[in-house]
Structures are given as C-alpha cells and as structure tokens.
**Student:** 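Submitted below is the structure of interest, expressed as structure tokens.
A quick note: this is a predicted structure, and the numbers were derived from the prediction, not measured.
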Amino acid sequence: MKEGWARQQSARFLKSSTIDPRIRLLERFEEFTGLYPWQWSPADGEAFIAHLRSGEKPIQMSTARTYEVTIGLFLEYLLDTRYEWARVCEERFGEVPQVVFHEGNSVLHTVEYEGDPRRRPLTYDEVQALFDAADARPSKIRGQGRKGALCALRDAAVLKAVYAFGTRRTETSKLDLVDLRRSRKAPKYGTYGSLMVRFGKASKGAPPKRRTVLTVPEMDWTVGVLEDWVTEIRPQFSPGRHPALWVTERVGRLSPRSINEAFVAARKDADLDEDLDLHCLRHSYITHLTEFGYPARFVQVLLSPLRCVHDVQHEPGVGGDLCGGGGYLPPSITQFPGRFDAGAEGVDARLVA
C-alpha cells in the first residue's frame with residue numbers, strides 16, 4: 001500500500017522531500033495504533049492527535065492539520081476503486097479501510113494565516129542589532145584563537161542579503177554568481193542591480209518558480225556588501241569554478257541549515273527574542289518596503305513570480321487589476337523620485353512579460 005501510494009505521488013512529480021515524510025508519518029501512525037491501515041478508525045486518529053498535543057512540546061494547529069490531511073490522502077488512495085485495495089482487503093481480511101479524519105474530528109481551515117504570532121518582522125533597531133552582532137563575530141572568533149572567522153564574514157553577508165532581497169533560505173542557498181544581474185533602471189549599481197531567483201518556492205508537482213528582485217534604493221547598502229563578498233572574501237575560500245554565490249570552506253554550496261544556524265548565532269549574540277527565525281527577515285523586508293512608501297502591489301511584483309514580468313510600462317487611459325503580462329498598475333507604484341521610474345507618462349502602468 002505504501003509503495004503504491006509513493007509511486008502515485010512520484011507520477012505527479014512530487015519530490016522525495018514531500019513523499020518520504022508522508023510515508024514516515026504513516027509508519028508513526030501504524031506504530032502508535034498497532035493496527036494495519038484497513039483497521040484504522042476515527043477513534044485511532046483522534047487518539048493519535050491527542051497524544052501529539054500532549055507533552056512538553058505539543059504540535060501546532062497547522063502541523064496537526066498537515067498530519068490529518070496526509071493520512072486522509074493515503075486513505076483516499078486506498079478507497080479509490082481504480083486501485084482495488086478495498087476489494088483486496090475485504091476478500092483477505094473481511095475489513096475495508098475507512099475515513100479516519102472527517103469534518104467532525106479534524107482541524108478546520110477557517111483563517112488564511114495560521115502562523116505563530118511570535119514570528120514577526122524585526123524592527124529597524126533589531127535588524128541593526130542582528131547585523132552588528134554578525135559583524136562582530138569574526139573578531140570575536142579571532143580573539144578566541146579559533147577557526148571560522150572567514151565563515152563568520154560570509155554568514156554576515158548572507159544575512160544582510162536575505163534581508164535586502166527578501167529571499168527564503170533555500171532560494172538563498174541555491175543562488176549562483178550568474179544570478180547577480182544588472183538593472184537598466186539603476187545602472188549605478190552595476191552587476192548588483194537585481195537578483196534572479198531561479199529556485200523559488202514551487203507548487204506541489206510543479207517546477208521551481210522564478211522571479212527577479214530589484215535592488216531598491218533604500219537597500220543600496222547591500223551593493224557594497226555583495227561586492228566585498230564577491231571580490232574580496234569569496235576568493236579566500238578558493239572556490240575555483242564552483243558556481244555557487246555562497247560557498248563553504250570545503251568548496252561546497254552553503255546549505256539552508258547552515259544559513260539558519262548563522263541567523264541563530266547572530267540572534268543569540270544580539271540577545272533578540274528566541275522565537276524569531278530566519279524567515280522573519282523576509283517578513284521584515286516586506287514590512288519595511290511598505291513603510292518606505294512602496295505600495296503593496298509593487299512589493300507583490302518583487303516577491304511574486306508573475307509570469308516572468310521584467311518591466312513596467314505606462315499606457316494612457318487603461319485601467320484594471322493586476323495580472324501577469326497584461327495587468328495595469330497606477331503610476332504611483334512605479335514613479336518614485338530616485339526609484340525605478342518607468343520613463344513614460346500616462347494614467348496607468350502595464351506589466352510587460
């Protein structure tokens with residue numbers, strides 16, 4: 001049953017990072033109940049979730065829903081007549097799999113956002129404190145006579161880039177040198193005018209999404225950070241022809257886990273709230289852009305893979321909602337003094353793919 005369900009998901013091009021945890025969850029549920037899938041009942045599912053909610057580290061609501069949905073998907077596969085598992089179970093054991101989680105005993109999705117409220121954007125002072133702590137780590141390591149000062153310089157640059165471009169940890173890990181691009185709207189930034197994110201968060205069964213993030217004037221300090229990293233610090237790792245932007249001392253690609261650890265180390269040194277994590281820098285990026293005066297739709301263009309949108313043009317007398325390749329934006333979104341003016345006059349602006 002498990003092998004067949006894994007093949008079904010693989011045929012949908014779901015990644016092993018999605019399939020394997022699902023299979024492990026089924027094994028945990030099987031071990032907890034001591035029963036086979038055709039013997040599972042709603043009472044077993046309720047006892048499983050109640051057990052996970054108890055103890056020192058109870059699961060969150062979103063985690064409980066994920067578990068319930070995963071077990072439900074597996075049972076949908078077993079009850080699908082195209083796979084005949086129900087018939088086989090009835091013939092061999094006299095029992096048929098049944099639905100374990102239903103509307104009466106499962107977590108309902110009633111609100112759009114269910115994240116932990118303690119995970120919030122950092123204030124400007126907290127961002128500065130985090131970066132100051134990260135910048136101080138190399139000297140601290142050298143003073144203790146330990147190895148790792150060069151890696152600490154890299155970690156400080158990584159955290160600043162995450163904040164300046166609002167990237168996720170996996171997106172940051174998979175950046176290459178060639179992803180640093182020029183922007184024809186801001187030639188003064190050179191090759192650091194924009195960042196091409198080629199491994200954005202993918203939908204299930206879909207390839208990674210792409211987007212281009214501009215270097216906005218309020219974050220132009222990151223140009224110096226990236227230039228120092230690329231020209232001065234990175235060569236000291238002797239990366240050779242390795243394409244990765246962020247490399248390790250063993251000339252490998254910096255992993256998402258290592259980026260997390262860099263944030264945790266700086267957060268502890270800065271004595272910030274332990275509930276803050278790396279993704280909070282992305283929340284901070286979005287919040288601070290809004291506070292700088294960028295309208296929400298402009299931020300959406302920077303953060304969303306909007307059908308490879310790469311420019312904004314004005315077209316008089318036309319209006320409408322935002323949509324990839326043909327939506328229209330008011331000029332207030334693009335015409336800021338000293339920012340990325342589309343260079344045309346008109347009532348509206350159109351996203352051009």
Side-chain angles (χ1 to χ4, degrees), residues 17 57-66 111-137 151-175 179 195 197 199-202 208-209 211 213-222 225-226 229 245-246 254-305:
S17 58
K57 294 184 178 180
I59 60 173
Q60 299 293 325
M61 180 184 296
S62 57
T63 303
R65 177 186 294 106
T66 299
V111 296
E112 183 177 354
Y113 179 73
E114 295 179 340
D116 189 337
R118 293 172 295 184
R119 294 176 59 200
R120 55 171 177 78
L122 280 69
T123 66
Y124 298 106
D125 290 340
E126 287 175 332
V127 171
Q128 187 63 56
L130 181 76
F131 292 165
D132 289 343
D135 289 337
R137 285 187 63 80
C151 293
L153 286 171
R154 175 205 60 206
D155 293 344
V158 169
L159 295 180
K160 293 173 184 177
V162 168
Y163 170 67
F165 293 103
T167 53
R168 300 178 176 90
R169 60 176 186 171
T170 301
E171 296 171 349
T172 305
S173 171
K174 294 188 176 182
L175 289 173
D179 295 323
L195 184 71
V197 178
F199 290 88
K201 186 176 180 181
K209 297 177 182 178
R211 71 178 187 276
V213 186
L214 301 176
T215 303
V216 295
E218 289 81 0
M219 302 287 189
D220 59 3
W221 48 264
T222 194
V225 172
L226 290 174
W229 163 251
L245 175 60
W246 308 109
L254 189 65
S255 68
R257 180 176 180 177
S258 297
I259 300 174
N260 270 346
E261 291 172 351
F263 178 87
V264 171
R267 184 195 66 197
K268 290 181 178 179
D269 289 350
D271 195 25
L272 298 179
D273 192 340
E274 64 179 9
D275 292 316
L276 300 175
D277 61 12
L278 180 71
H279 200 71
C280 291
L281 287 179
R282 177 175 167 86
H283 296 320
S284 305
Y285 171 78
I286 297 171
T287 300
H288 295 167
L289 281 187
T290 304
E291 292 177 351
F292 291 152
Y294 292 95
R297 285 187 175 179
F298 180 78
V299 178
Q300 181 186 8
V301 171
L302 292 182
L303 295 177
S304 302

**Student:** Atom CE of Met219 and atom CG of Leu289: how far apart are they, to the nearest 0.5 Å?
**Tutor:**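 If I round to the nearest 0.5 Å, the distance is 5.5 Å.
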
**Student:** Atom CZ of Arg154 and atom CG of Leu159: how far apart are they, to the nearest 0.5 Å?
**Tutor:**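 Reported to 0.5 Å precision, the distance equals 10.5 Å.
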
**Student:** Say you draw a straight line from CG of Asp273 to CZ of Arg119; how long is it, rounded to the nearest 0.5 Å?
**Tutor:**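 Answer for the CG-CZ pair, Asp273 versus Arg119, is 12.0 Å.
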
**Student:** Quick check: do Ile259 and Ser173 have side-chain heavy atoms less than 4.5 Å from each other?
**Tutor:** yes

**Student:** Does any non-hydrogen side-chain atom of Arg282 lie less than 4.5 Å from one of Val162?
**Tutor:** no

**Student:** May I ask you to test the Leu254-Val158 pair for a side-chain heavy-atom distance under 4.5 Å?
**Tutor:**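 When only atoms from C-beta onward are counted, Val158 and Leu254 do touch, with a gap below 4.5 Å.
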
**Student:** Any idea which heavy atoms bring Leu276 and Arg267 closest together, and the distance?
**Tutor:** O-NH1, 2.6 Å

**Student:** Grab the two heavy atoms, one from Tyr285 and one from Ala164, that are nearest each other, plus how far apart they are.
**Tutor:** CE1-O, 3.2 Å

**Student:** Once you round to the nearest 0.5 Å, how far does CG of Asp220 lie from OG1 of Thr215?
**Tutor:** 8.5 Å

**Student:** To the nearest 0.5 Å, what is the distance between OG1 on Thr222 and CZ on Phe165?
**Tutor:** 5.0 Å

**Student:** Are the side chains of Phe199 and Thr170 in contact, using a 4.5 Å heavy-atom criterion?
**Tutor:** no

**Student:** Out of the candidates His283, His279, His288, only one should pair with Tyr163 under the ring-ring contact (aromatic ring centres under 6.0 Å, His included) rule; please name it.
**Tutor:** His288

**Student:** How about Leu130 and Phe263: do any of their side-chain heavy atoms sit closer than 4.5 Å?
**Tutor:**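 Result yes, sub-4.5 Å side-chain heavy-atom pair found.
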
**Student:** Quick check on side chain to side chain contact (heavy atoms under 4.5 Å, CB included): which of Leu226, Asp135, Leu281 does Lys160 satisfy it with?
**Tutor:**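 Among Leu226, Asp135, Leu281, the one that satisfies the side chain to side chain contact (heavy atoms under 4.5 Å, CB included) with Lys160 is Asp135.
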
**Student:** If the threshold is 4.0 Å, N to carboxylate O, is there a salt bridge linking Asp269 and Arg137?
**Tutor:**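 Salt bridge present between Asp269 and Arg137.
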
**Student:** Closer than 3.5 angstrom, by distance alone: can the side chain of Arg211 be matched with the main-chain N or O of Gly200 as a donor-acceptor pair?
**Tutor:**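 Such a contact is absent between Arg211 side chain and Gly200 backbone.
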
**Student:** Roughly how far apart are Ile286 CD1 and Tyr294 OH, rounded to 0.5 Å?
**Tutor:** 14.5 Å

